[in-house]
Enquirer: 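Below you will find the structure I want to go over with you.
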Amino acid sequence: MFWERFYTLCTINNKKPTPVGREIGISSGVISTWKKEGYCPSGEMLIKVADYFNCSIDYLVGRSDCMKVQKSDFSYEELRMLEKFRILSNENQDELLHILDYKYDKQKSLKP
């Protein structure tokens, strides 16, 4: 869980894990250890990562799906959608936005 969250935060911020580690004083060897399934860093390391990304330790360890990003709270699912959206071509992004607008308008019309 931790690695997935850490990697997502790196991706959202257009950064690579190893350089982030260097910036916060964590060796590339330690970063490699984090990739192991089920591994969770020490409290000190969690604090460094949470401070760097301005998120909660609860988010990093999977106790919460909400994190703070640029003064806004996004759920983990919303962040995953954004990450996937950014990878799509402009044409596919436009198509998804059109579908989203349609669904939004339809939902809005159902409310009295």
Enquirer: What pair of heavy atoms forms the shortest contact from Cys40 to Leu46, and how long is it?
Expert: SG-CD1, 4.2 Å
Enquirer: Could you walk me through whether Ser89 and Asp94 pass the side-chain contact (heavy atoms from CB on, under 4.5 Å) test, one step at a time?
Expert: CA-CA 9 Å; Ser89 68; Asp94 288 343; over 6 Å; no
Enquirer: Would you say Ile12 and Phe53 make side-chain contact, with heavy atoms under 4.5 Å?
Expert: no
Enquirer: Would you indicate whether the side-chain heavy atoms of Lys15 and Tyr52 approach each other to under 4.5 Å?
Expert: yes
Enquirer: Counting only N and O atoms by type, is there a donor-acceptor contact under 3.5 Å from the side chain of Arg22 to the main-chain atoms of Ser28?
Expert: no
Enquirer: Write down the atom of Thr11, the atom of Arg86, and the distance for their closest heavy-atom approach.
Expert: O-NH1, 4.4 Å
Enquirer: Which atoms form the tightest heavy-atom contact between Ser56 and Ala50, and what is the distance?
Expert: C-CB, 4.3 Å
Enquirer: Test side-chain contact (heavy atoms from CB on, under 4.5 Å) on Gln93 and Asn90; report intermediate values, then the result.
Expert: CA-CA 5 Å; Gln93 287 180 357; Asn90 287 342; 3.8 Å; yes
Enquirer: Determine whether Asp65 and Arg5 satisfy the following criterion, salt bridge (charged side-chain N to carboxylate O under 4.0 Å, His left out), listing intermediate values before the conclusion.
Expert: CA-CA 10 Å; Asp65 286 337; Arg5 299 278 172 108; 2.7 Å; yes
Enquirer: Check whether any side-chain heavy atom of Met45 sits under 4.5 Å from a side-chain heavy atom of Ile26, and report yes or no.
Expert: yes
Enquirer: Could you report the tightest heavy-atom contact between Ile31 and Gly21, atom names first, then the distance?
Expert: CD1-CA, 3.9 Å
Enquirer: Should the pair Tyr7 and Trp3 be assigned to parallel (<30°), tilted (30 to 60°) or perpendicular (>60°) ring geometry?
Expert: tilted
Enquirer: State which residue, out of Val20, Leu60, Ile57, fulfils the side chain to side chain contact (heavy atoms under 4.5 Å, CB included) condition with Val49.
Expert: Leu60
Enquirer: Which residues end up grouped with Phe85 if you chain together Ile, Leu, Val, Met, Phe, Trp and Tyr wherever their side-chain heavy atoms are less than 4.5 Å apart?
Expert: Leu88, Leu96, Leu97
Enquirer: For residues Met1 and Gly62, report the shortest heavy-atom separation together with the two atoms involved.
Expert: CG-CA, 3.7 Å
Enquirer: Test side-chain contact (heavy atoms from CB on, under 4.5 Å) on Glu4 and Leu9; report intermediate values, then the result.
Expert: CA-CA 9 Å; Glu4 188 178 280; Leu9 288 165; over 6 Å; no
Enquirer: Are Ile47 and Val30 connected in the hydrophobic side-chain network, where two residues link if heavy atoms are under 4.5 Å apart?
Expert: yes
Enquirer: Under the criterion ring pair (Phe, Tyr, Trp, His ring centres under 6.0 Å), which of Trp34, Tyr39, Tyr59 is the partner of Phe6?
Expert: Trp34
Enquirer: Using side-chain heavy atoms (C-beta onward) and a distance below 4.5 Å, is Ile87 in contact with Lys84?
Expert: no
Enquirer: Nearest 0.5 Å, what's the CD-CG distance between Gln107 and Asp105?
Expert: 11.0 Å
